[in-house]
J.: 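Structure provided below as structure tokens; questions to follow.
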Amino acid sequence: MKSGFVAVAGRPNVGKSTLVNALCGGKVAIVSDKPQTTRRRIFGIANGPDHQLVLADLPGFQRPLDELTERMQHTVDSAFEEVDAVLFVLSARERIGAGDRFIASRVFALGVPVVIALNKVDRLKAGHIAQQMTVASRLGPFHALHPVSAKTGDGMGELRDELVGLLPEGPLYFPEEQRTDLSPELQVAELIREKALWLTRDEVPHAVSVEVEEVEEKVVRASILVETESQKQIVVGKGGAVVKEIGVRARPEIEALLGHPVFLELKVKVRPKWRRDASMLERLGL
Ligand SMILES: Nc1nc2c(ncn2[C@@H]2O[C@H](COP(=O)(O)OP(=O)(O)O)[C@@H](O)[C@H]2O)c(=O)[nH]1
Ligand SMILES: [Mg+2]
């Protein structure tokens with residue numbers, strides 16, 4: 001039995017969470033086109049007949065701006081302390097530049113094998129992919145470099161085999177049927193937040209958090225927290241249209257997660273400066 005931990009690093013939006021989901025064969029981490037979607041460390045667990053690969057999906061490296069981002073950066077730093085390998089994700093669709101080199105300087109200093117995944121190669125021309133692979137290969141002494149598409153699944157089998165090959169002999173860290181370390185309540189909260197992220201923009205996504213109050217047999221009660229009255233108006237929408245749409249999109253996924261139908265009761269609440277409030281962050285599990 002081979003088992004171990006692999007930290008996932010890379011700039012915001014390169015597809016880290018999408019990759020973790022693809023490797024785990026199901027949704028463990030929420031995905032959006034907004035930066036800072038991933039706020040906490042999430043373990044995605046990929047089980048095979050002879051292995052357990054635990055992937056740590058992480059917030060992006062960033063300069064801390066407030067208590068929330070400070071905690072996020074601490075999460076990232078401590079996650080790298082004891083891993084068997086790093087999966088360094090790049091986007092083939094964007095220029096590989098200073099942001100990637102900054103992360104490279106950190107991951108190549110860890111002293112564990114670094115596997116580079118050049119993601120988002122779907123619909124890119126072979127020449128363009130080759131060019132990006134050359135640029136990627138200059139980032140540091142990588143162990144392997146895989147062009148992949150987390151979206152189409154292209155190259156993912158090879159990437160998974162590569163990572164499993166780097167794991168030591170070890171025990172099962174999680175029960176085989178478990179795909180993430182998040183509690184059902186936190187998974188529900190994340191699913192709701194994902195829908196809120198897709199339906200809002202500008203500063204609103206950064207100001208949104210979700211607190212699940214109750215997961216009962218038939219009812220899930222949750223609050224969407226924002227920082228100001230005007231953000232609340234946006235998230236509620238005209239005649240409640242936006243919060244309703246969040247519910248319409250989140251409910252089927254919550255039902256799939258819990259395995260039964262539920263009534264989803266969503267409220268939108270103003271919690272001024274929750275991102276700077278240590279006790280609020282504790283309550284949200286951040
Ligand atoms: N075309 C394409 N888009 C992708 C791929 N992987 C992720 N994305 C998109 O990139 C955006 C950011 O993905 P996400 O996983 O949240 O990135 P993260 O911030 O690195 O975790 C989302 O809109 C994804 O749908 C891919 O392989 N191909
Ligand atoms: Mg993410």
Side-chain angles (χ1 to χ4, degrees), residues 6-46 54-62 68-69 71-73 75-76 79-80 86-97 99-100 102-104 106-107 114-126 128-129 132-133 136 139 145-160 179-182 186-187 189-201 205-206 208-210 249 253 286:
V6 173
V8 184
R11 284 194 327 196
N13 262 330
V14 292
K16 296 180 295 296
S17 296
T18 311
L19 257 170
V20 168
N21 290 339
L23 287 166
C24 296
K27 186 161 176 171
V28 301
I30 63 168
V31 167
S32 92
D33 57 351
K34 313 290 190 304
Q36 281 194 33
T37 299
T38 306
R39 284 189 183 144
R40 64 177 84 240
R41 185 211 66 207
I42 295 171
F43 283 146
I45 304 151
V54 184
L55 295 147
D57 186 20
L58 299 161
F61 280 96
Q62 59 185 334
L68 171 63
T69 42
R71 281 170 183 241
M72 284 162 61
Q73 191 50 50
T75 300
V76 175
F80 282 104
V86 172
L87 176 60
F88 182 14
V89 186
L90 306 168
S91 167
R93 283 175 191 257
E94 279 152 74
R95 223 175 74 82
I96 296 167
D100 303 291
F102 170 68
I103 295 167
R106 314 218 17 189
V107 298
V114 175
V115 174
I116 298 179
L118 183 65
N119 189 31
K120 308 199 189 185
V121 298
D122 44 292
R123 293 186 326 229
L124 287 190
K125 293 217 174 73
H128 185 118
I129 298 170
Q132 290 287 61
M133 284 177 75
L139 287 169
L145 195 165
H146 288 263
V148 298
S149 168
K151 208 166 212 169
T152 63
D154 238 15
M156 294 298 292
E158 292 87 337
L159 177 62
R160 185 187 167 121
R179 211 146 54 186
T180 171
D181 64 325
L182 285 192
L186 284 178
Q187 289 182 67
E190 287 286 273
L191 287 173
I192 296 167
R193 191 165 64 85
E194 180 183 56
K195 307 313 169 197
L197 292 181
W198 281 109
L199 291 166
T200 57
R201 57 199 169 84
H206 295 283
V208 166
S209 194
V210 175
R249 294 186 186 194
E253 292 191 33
L286 286 165

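Since the structure is predicted, the reported quantities are computational estimates derived from the model, not experimental observations. This chain uses plain numbering: 1 for the first residue, then up along the sequence. First listed ligand is number 1; within each ligand, the first listed atom is number 1.
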J.: Please state which protein non-hydrogen atom is closest to atom 12 (C) of ligand 1 and give its distance, to 0.1 Å?
T.: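 Checking every protein heavy atom, the shortest distance to atom 12 (C) of ligand 1 gives Asn13 OD1, 3.2 Å.
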J.: When Val31 is tested against each of Leu19, Thr37, Thr38, Asn21 for side-chain contact (heavy atoms from CB on, under 4.5 Å), which residue passes?
T.: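 The option that passes is Asn21.
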J.: Check each atom of ligand 1 against the heavy atoms of Ser17 and keep those under 4.0 Å away; list them by number with element.
T.: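 Answer for ligand 1: 15 (O), 21 (O).
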J.: Evaluate the side chain to side chain contact (heavy atoms under 4.5 Å, CB included) criterion for residues Val6 and Val115: first the C-alpha distance (whole Å), next the side-chain angles of each, then the deciding distance (0.1 Å), finally the verdict.
T.: CA-CA 10 Å; Val6 173; Val115 174; over 6 Å; no
J.: Considering only heavy atoms, does Val14 approach ligand 1 within less than 4.0 Å through its side chain, its backbone, both, or neither?
T.: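 Both the backbone and the side chain of Val14 come within reach of ligand 1.
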J.: Does Leu19 approach ligand 1 within less than 4.0 angstrom via side chain, backbone, both or neither, non-hydrogen atoms only?
T.: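 It is neither part, as no heavy atom is under 4.0 Å.
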J.: Taking backbone and side chain together, does Thr37 place any N/O/S atom at a distance below 2.8 Å from the Mg ion (ligand 2)?
T.: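 Checking Thr37: none of its N, O or S atoms is under 2.8 Å.
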J.: Going by the side-chain contact (heavy atoms from CB on, under 4.5 Å) test, name the single residue among Val210, Val208, Leu197 that passes it with Ile192.
T.: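 Going through Val210, Val208, Leu197 one by one, the side-chain contact (heavy atoms from CB on, under 4.5 Å) with Ile192 is satisfied by Val210 alone.
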J.: Working to the nearest 0.5 Å, report the span between CZ of Arg40 and CG of Leu68.
T.: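 One gets 10.0 Å once the value is rounded to the nearest 0.5 Å.
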J.: List the steps and the verdict of side chain to side chain contact (heavy atoms under 4.5 Å, CB included) for Gln132 and Ile129.
T.: CA-CA 5 Å; Gln132 290 287 61; Ile129 298 170; 5.8 Å; no
J.: Taking 4.0 angstrom as the limit and counting only heavy atoms of Lys16, give me the atoms of ligand 1 inside it, by number and element.
T.: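 Those atoms are 15 (O), 17 (O), 18 (P), 19 (O), 20 (O), 21 (O).
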J.: Please report which non-hydrogen protein atom sits nearest to atom 24 (C) of ligand 1, along with the residue it belongs to and the distance in Å to one decimal place.
T.: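 Result: Val31 CG1, 3.7 Å.
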J.: Of all the atoms in Ser17, is at least one N, O or S atom closer to the Mg ion (ligand 2) than 2.8 Å?
T.: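 Within the cut-off used here (under 2.8 Å), Ser17 does place an N, O or S atom near the Mg ion (ligand 2).
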J.: Which residue holds the protein heavy atom closest to atom 28 (N) of ligand 1, what is that atom called, and what is the gap in Å?
T.: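 Ranking protein heavy atoms by distance from atom 28 (N) of ligand 1, first comes Asp122 OD1, 2.7 Å.
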J.: Flag Ala150 as yes when one of its N or O atoms lies below 3.5 Å from any N or O atom of ligand 1, and as no otherwise.
T.: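 For ligand 1, there is an N or O atom that lies under 3.5 Å from one belonging to Ala150.
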J.: Any nitrogen or oxygen of Trp198, side chain or backbone, less than 3.5 Å from one on ligand 1?
T.: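 No: no nitrogen or oxygen of Trp198 is under 3.5 Å from one in ligand 1.
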J.: The test is side chain to side chain contact (heavy atoms under 4.5 Å, CB included); show your working for Val107 and Phe80 and say whether it passes.
T.: CA-CA 8 Å; Val107 298; Phe80 282 104; 4.3 Å; yes
J.: For Ser17 and Ile30, work out which heavy atoms get closest and say how close.
T.: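 Taking Ser17 first and Ile30 second, the nearest heavy atoms are CB-O, 3.6 Å.
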J.: Say whether Thr37 and ligand 1 are in contact under the criterion: heavy-atom distance to a ligand atom below 4.0 Å.
T.: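 It does not; every heavy atom stays at 4.0 Å or beyond.
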J.: Less than 4.5 Å apart, side chain to side chain, heavy atoms only: is that true for Gln36 and Thr69?
T.: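 They are in side-chain contact.
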J.: For atom 6 (N) of ligand 1, what's the nearest protein heavy atom and its distance?
T.: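 Protein heavy atom at minimum distance: Asn119 ND2, 3.2 Å.
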J.: For Gly10, is the nearest heavy atom under 4.0 Å from an atom of ligand 1?
T.: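 The answer is no, since Gly10 has no heavy atom less than 4.0 Å from ligand 1.
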J.: Is it the case that the side chain of Lys16 and the backbone of Pro59 share a donor-acceptor pair, with hydrogens and angles ignored and the cut-off at 3.5 Å?
T.: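 Absent.
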J.: Identify whether the distance between the nearest side-chain nitrogen and carboxylate oxygen of Asp33 and Arg201 falls below 4.0 Å.
T.: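 No.
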J.: Checking contacts here: is it the side chain or the backbone of Ala29 that comes within 4.0 Å of ligand 1, counting heavy atoms only? Could be both or neither.
T.: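 Contact part for Ala29 vs ligand 1: neither.
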J.: Check each of Gln36, Arg11, Lys120 against atom 5 (C) of ligand 1 and report the one with the nearest heavy atom.
T.: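 Answer by nearest heavy atom: Lys120.
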J.: Among protein heavy atoms, which sits nearest to atom 17 (O) of ligand 1, and what does the distance come to when rounded to 0.1 Å?
T.: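 Here the nearest protein heavy atom works out to Gly15 N, 3.1 Å.
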J.: To which protein heavy atom is atom 13 (O) of ligand 1 closest, and what is the distance rounded to 0.1 Å?
T.: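 For atom 13 (O) of ligand 1, the nearest protein heavy atom comes out as Thr18 OG1, 3.5 Å.
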J.: Rounded to the nearest 0.5 Å, what's the gap from CG on Leu145 to CG on Leu90? Could you check?
T.: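 Interatomic distance, Leu145 CG to Leu90 CG, rounded to 0.5 Å: 7.5 Å.
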J.: Closer than 3.5 angstrom, by distance alone: can the side chain of Arg179 be matched with the main-chain N or O of Gly25 as a donor-acceptor pair?
T.: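 It does hold such a pair.
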J.: Please check whether Val148 reaches ligand 1 - meaning an N/O of the residue sits under 3.5 Å from an N/O of the ligand, judged on distance alone.
T.: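 Looking only at distances, the answer is no, because the N/O contact criterion of under 3.5 Å is not met.
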